[in-house]
Protein chains: 2
Amino acid sequence: MDRAETMTPHDLVPDAAPSPGIDLAQLRVRAREVSGLLKLLANPGRLLIACELMDGERTVSEIEQRTGVRQPNLSRDLARLRAAGLAATRRDGKAVHYRLKDSRIQLLMTALCAAFASDLKSSSVASKDTLS
Amino acid sequence: MDRAETMTPHDLVPDAAPSPGIDLAQLRVRAREVSGLLKLLANPGRLLIACELMDGERTVSEIEQRTGVRQPNLSRDLARLRAAGLAATRRDGKAVHYRLKDSRIQLLMTALCAAFASDLKSSSVASKDTLS
DNA sequence: TATCAATTTTGATAAATGATATATGTGAGG
DNA sequence: CCTCACATATATCATTTATCAAAATTGATA
């Protein structure tokens with residue numbers, strides 16, 4: 001296929017780090033943990049769930065309606081978020097309210113918004129997952 | 001098991017959005033695309049690879065040495081990054097140099113650094129993946 | 001050709017996913 | 001108290017996808 005196709009001359013890309021002062025050390029050391037967090041968001045359904053929770057507390061049924069993720073799968077995904085310490089719950093009668101608990105996921109979601117917000121140059125990064 | 005166990009009173013968590021002005025609309029609309037990008041980083045090896053490329057251009061062998069990802073797997077992961085339009089290559093004799101191409105992955109990596117940099121309260125988000 | 005660098009392929013195993021069925025837990029009425 | 005309906009949780013299963021290691025392949029240089 002197209003192995004090393006682009007072949008751009010190096011001169012066009014200064015070899016320096018793009019963002020000068022960022023500290024990658026923690027990321028390297030905790031690569032497992034970080035990638036685990038990313039994996040939780042690396043699914044269209046769970047990403048939509050996270051979007052919902054960014055708006056504040058939401059009931060399971062509310063999330064189901066608004067994301068289209070089917071209830072059993074939704075419940076499973078919410079359980080995953082809880083197990084990872086990213087979400088917490090509160091029961092009010094029959095309904096269970098979910099909310100985000102961990103600040104890192106909020107930082108991350110905010111960064112994602114910044115990266116994709118007014119980003120018209122949509123790339124080819126795609127996924128084959130369906131939506132539950 | 002422990003269904004809705006935490007039961008924290010709602011009062012402790014104001015229902016308002018944590019970050020006021022962020023625009024989740026794009027994230028929702030492009031959930032597939034975004035989760036596809038996240039999936040690429042949602043693996044310890046690939047995350048380490050991305051860390052390397054944040055520092056600038058790197059040869060495949062350099063990345064192999066520094067990340068410990070075995071060469072055939074490394075090559076496949078780099079190919080994924082290329083296919084997603086996130087990385088570009090330049091050949092110099094036998095060596096192929098990789099570099100990051102897309103600004104979104106850089107924003108994302110920077111955000112990850114910010115989220116995990118001086119974050120001592122390590123959570124239980126973990127992954128079972130090994131390192132290639 | 002011999003050799004080193006990088007890529008692709010293959011096969012085995014594990015994990016995620018989506019669908020469906022079933023169970024639990026809670027409040028409302030009888 | 002008992003049962004029903006509703007909200008949520010869990011179990012299970014078939015299918016897809018990701019993972020890693022090992023082997024075979026291509027590319028470039030000496």
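Convention: sequence-line order gives letters A, B, ...; per-chain numbering from 1.
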Measuring to OP1 and OP2 of [N], would you say a side-chain N or O of [X] lies under 4.0 angstrom away?
| X | N | value |
| --- | --- | --- |
| A:Asn43 | C:dT17 | yes |
| A:Arg70 | C:dA21 | no |
| B:Arg46 | D:dT19 | yes |
| B:Ser75 | C:dA6 | no |

Would you indicate which nucleotide in [options] comes nearest to any side-chain atom of [X]?
| X | options | value |
| --- | --- | --- |
| A:Ala95 | D:dA7, C:dA6, D:dT12 | D:dA7 |
| A:Tyr98 | D:dA18, D:dA9, C:dT26 | D:dA9 |
| B:Arg91 | D:dT8, D:dG27, D:dT19 | D:dG27 |

Flag side-chain contact, heavy atom, 4.5 Å: A:Leu78 against A:Ile49: yes
Heavy-atom side-chain proximity of B:Thr59 to B:Asp92 below 4.5 angstrom: no
Calculate the interatomic distance between [X] atom [atom1] and [N] atom [atom2]; express it in whole Å.
| X | N | atom1 | atom2 | result |
| --- | --- | --- | --- | --- |
| B:Leu81 | C:dT7 | CG | P | 12 Å |
| A:Leu78 | D:dT8 | CG | P | 10 Å |
| A:Asp77 | D:dT10 | CG | P | 13 Å |
| B:Ile49 | C:dA6 | CD1 | P | 13 Å |
| B:Arg32 | C:dG18 | CZ | C1' | 12 Å |
| A:Glu64 | D:dA9 | CD | P | 11 Å |
| A:Leu74 | C:dG18 | CG | P | 12 Å |
| B:His97 | D:dA28 | NE2 | C1' | 13 Å |

Sugar-phosphate, base or nothing in reach of B:Ser61, heavy atoms under 4.0 Å: sugar-phosphate
B:Glu33 and its salt bridge (Lys or Arg N to Asp or Glu O under 4.0 Å) partner, picked from B:Lys39, B:Arg28, B:Arg104: B:Arg104
Position toward the 5' end of DNA chain C (nearest nucleotide), A:Gln71 or A:Lys94: A:Gln71
Toward the 5' end of DNA chain C, by each residue's nearest nucleotide, B:Glu62 or A:Arg76: B:Glu62
Residues which pass side chain to side chain donor-acceptor pair (under 3.5 Å) with A:Arg80, listed by chain and number, not counting sequence neighbours: A:Asp77
Set of residues satisfying side chain to side chain donor-acceptor pair (under 3.5 Å) with respect to B:Glu64, sequence neighbours excluded: none
Pairwise 5' ranking along DNA chain D for B:Asp92 and A:Pro72, keeping only the more 5' one: A:Pro72
